[in-house]
Amino acid sequence: MKEARVQVKVPLVPRPGMQGSEESTTQDADLDRLAPDKKTGNPLQMAKMHVVIGSKRETLHVKPGKYVTEELREEATEHIHMPLIELDAFRKVKRRRMRTFGRSHRWGRHPGRWQPAAAVSALLVLAICIPVILVWPRAGEQIKPKPTPTETNPSTGLKTPDPVSATPVSYPEPKVRVYLSATGTTLELPLESYVTGVVAAEMPAEFRLEALKAQAIAARTFIVRRMAANDTSGVPSGEADVTDTINHQVFLPPDQVKADWTRLGKAKEWEKLQQAVRESRDAVMTYQGRAITASFFSTSNGYTENAEDVWGNVVPYLKSVASPWDKKLAPGFEETITLKRSEILQKMNLDAIPVSANKNGSWINVLSTTKGHRIKEIQIAGETFSGPEVRKRLGLRSSQFSWKTVGDEVQITTYGYGHGVGMSQWGANGMAQEGHTATEILKHYYTGISFGQASKMLASKQER
């Protein structure tokens, strides 16, 4: 039988009369050879017990062949007054103490290092779980759909906040009555078909798509404003909403345009025109909830005009803005015509040039200009006129002009084409070439506007 060596540490319970420390007394017992218990019947080969009491150490010998009995225990503890604990009993006591006072299980060899990580992990779990619990839909709730993100033009990288694509048409499409001046009849057709006919007549089909879309929104806004106000001014019969002339908006029947353009090999232009109307469908410009006066013209002189400088009335969204694209693109930006002096006097209802008008060497003098750099007031043969009035009477392309007298003739050079209020069509095409969207073009030429839905504005009118 192999030797087994076990060291046992048992606290000594002091008895009356014992010598030792009051704070703590320990004793060690070493069993070099273990004696079998009485139940197994194995003889004791050799047993030796070392006992330490205080600073004294004593050795007790147990003879071979004896068993560990109660008498042996009494003999071993007669002089040392300590209990003799067998190995099995000691193991039970040790396990009980370990369960009660033993160390708790730790992670790894250095448990302290894991404590900060565990705390941070717990905080992260709480930070993730609490918002999820708060926003988790309750019973009976419907999850709101996410808004559609603004699309980006891949060729330009610019955002395209198209007001129409985000606004579904939920009202009946209005009908427009057009007075056809050539036949004296009235044509009734859907709003979008009318817009198609106006864009085909008012803007070159070769213009960029975004410029055509801007023109479509302007044309739609013009007619919606008239229809919402029941305005039939300028219509000979009074039974139509608008005419097909420049007094309102030039219009061509869409069926006629399609046939003509197909015959001329312009099928692609027709498709682009339809695309512009379709992608701007039902959109109108508004100011304070009402459709605006969406005036437009062909070519600027580099600037647009304030409405009051042309029509005499202040309109908050028709303000002068820069339009530098026209000079670079428009083929008719600058034009010179020649008129005789007598012809000018006749058109301006003047009899003759007074002698006093020739004192300064000229009988035409500019008195003031507008913010849009056009002539505001001008003096001709001693009489004062406004720039727009002179433009109209003399049939000039613009109210910004210069002149040179050669004998009995006057050479007049104009810059731009049109009244200058609102959107410049050539300027819109220049902005489209630079990558601007239809809404960006319109917001540049019409100050402080918003967008609305045409069918919604005219819904009550259509019901009547």
Task: Name of the residue among Arg177, Lys175, Arg226, Glu188 meeting side chain to side chain contact (heavy atoms under 4.5 Å, CB included) with Asp241 - done: Arg177
- [ ] Identify which one of Tyr194, Phe251, Tyr179 satisfies the side chain to side chain contact (heavy atoms under 4.5 Å, CB included) criterion when paired with Leu187.
- [x] Phe251
Could you tell me whether the side chain of [Y] reaches within less than 4.5 Å of the side chain of [X], counting heavy atoms only?
X      : Y      : value
Trp403 : Gln411 : no
Met203 : Asn429 : no
Glu210 : Lys213 : yes
Val410 : Thr338 : no
Leu273 : Trp261 : yes
Leu394 : Met348 : yes
Ser455 : Pro172 : no
Ile364 : Ile378 : yes

Donor-acceptor pair between [X] and [Y] side chains, under 3.5 angstrom:
X      : Y      : value
Gln433 : Trp325 : no
Ser402 : Tyr415 : yes
Glu383 : Gln379 : no
Arg391 : Ser398 : no
Thr413 : Thr336 : yes

- [ ] Give a yes or no on whether the ring-centroid distance for Phe207 and Trp426 is below 6.0 angstrom.
- [x] yes
- [ ] May I ask you to check whether Tyr317 and Tyr287 place their ring centres under 6.0 Å from each other?
- [x] yes
Open item on the list: Test side-chain hydrogen bond (donor to acceptor under 3.5 Å, both in side chains) on Glu202 and Gln249; report intermediate values, then the result.
Closed with: CA-CA 8 Å; Glu202 290 282 7; Gln249 295 185 127; over 6 Å; no
Open item on the list: Can you tell whether the side chains of Glu335 and Arg397 come within less than 4.0 Å, N to carboxylate O?
Closed with: yes
Open item on the list: With a 4.0 Å cut-off on N to O distance, would you call Lys443 and Glu440 a salt bridge?
Closed with: no
Specify the closest pair of heavy atoms between [X] and [Y], including all atoms of both residues, with the distance to one decimal.
X      : Y      : result
Thr299 : Ala330 : CG2-CB, 3.4 Å
Asp309 : Pro388 : O-CG, 4.0 Å
Gly197 : Pro254 : N-CG, 4.3 Å
Ala218 : Met285 : CA-CE, 3.9 Å
Ala432 : Ala211 : CB-N, 3.9 Å

Open item on the list: Please determine whether side-chain contact (heavy atoms from CB on, under 4.5 Å) holds for the pair Phe297 and Met423, giving the CA-CA distance in whole Å, both sets of side-chain angles, and the decisive distance to 0.1 Å.
Closed with: CA-CA 6 Å; Phe297 60 101; Met423 182 183 71; over 6 Å; no
Return yes if some donor-acceptor pair links the side-chain N/O of [X] with the main-chain N/O of [Y] below 3.5 Å, else return no.
X      : Y      : answer
Thr232 : Val235 : no
Asn306 : Ser320 : yes
Thr221 : Ile217 : yes
Glu409 : Leu339 : no
His436 : Ala428 : no
Gln400 : Gly416 : no
Glu173 : Glu192 : yes
His444 : Met431 : no
Glu305 : Gly372 : yes

Task: Residue list, side-chain hydrogen bond (donor to acceptor under 3.5 Å, both in side chains) with Trp270, at least two apart or on another chain - done: Gln274
Decide if atom [atom1] of [X] counts as having more than 12 heavy atoms of other residues, nucleotides or ligands within a radius under 6.0 Å.
X      : atom1 : result
Gln346 : CD    : no
Phe333 : CZ    : yes
Lys272 : NZ    : yes
Arg393 : CZ    : yes
Asp408 : CG    : yes
Lys347 : NZ    : yes
Ile246 : CD1   : no

Task: Ala454: side-chain contact (heavy atoms from CB on, under 4.5 Å) partners, not counting sequence neighbours - done: Leu191, Arg220, Val224, Asp282, Val284
TODO: In sequence, state the C-alpha distance, the side-chain angles, and the governing distance for Asp255 and Lys258, and then conclude on salt bridge (charged side-chain N to carboxylate O under 4.0 Å, His left out).
DONE: CA-CA 5 Å; Asp255 293 339; Lys258 181 179 180 181; over 6 Å; no
Task: side-chain contact (heavy atoms from CB on, under 4.5 Å) evaluation trace for Glu308 with Asn313 - done: CA-CA 4 Å; Glu308 60 268 25; Asn313 298 322; 6.0 Å; no
Task: Option among Ser323, Ser295, Ser300, Ser424 that satisfies the side-chain hydrogen bond (donor to acceptor under 3.5 Å, both in side chains) test with Tyr445 - done: Ser323
TODO: Scan Glu334, Arg374, Lys327 and name whichever one has a side-chain hydrogen bond (donor to acceptor under 3.5 Å, both in side chains) with Asn301.
DONE: Arg374
- [ ] With side-chain hydrogen bond (donor to acceptor under 3.5 Å, both in side chains) as the test, would you mind laying out the steps for Ser181 and Asp244 before giving the verdict?
- [x] CA-CA 7 Å; Ser181 57; Asp244 61 350; 3.0 Å; yes
Task: Inter-residue atom distance Thr185.OG1 - Leu180.CG, 0.5 Å rounding - done: 4.5 Å
Task: Euclidean distance, Thr243 OG1 relative to His248 NE2, rounded to 0.5 Å - done: 4.5 Å
Open item on the list: For a side-chain contact (heavy atoms from CB on, under 4.5 Å) check, start with the C-alpha distance between Leu318 and Val310, then their side-chain angles and the critical distance, and finish with the verdict.
Closed with: CA-CA 11 Å; Leu318 295 177; Val310 179; over 6 Å; no
Task: Worked check of side-chain contact (heavy atoms from CB on, under 4.5 Å) between Phe451 and Thr286 - done: CA-CA 5 Å; Phe451 294 91; Thr286 63; 5.6 Å; no
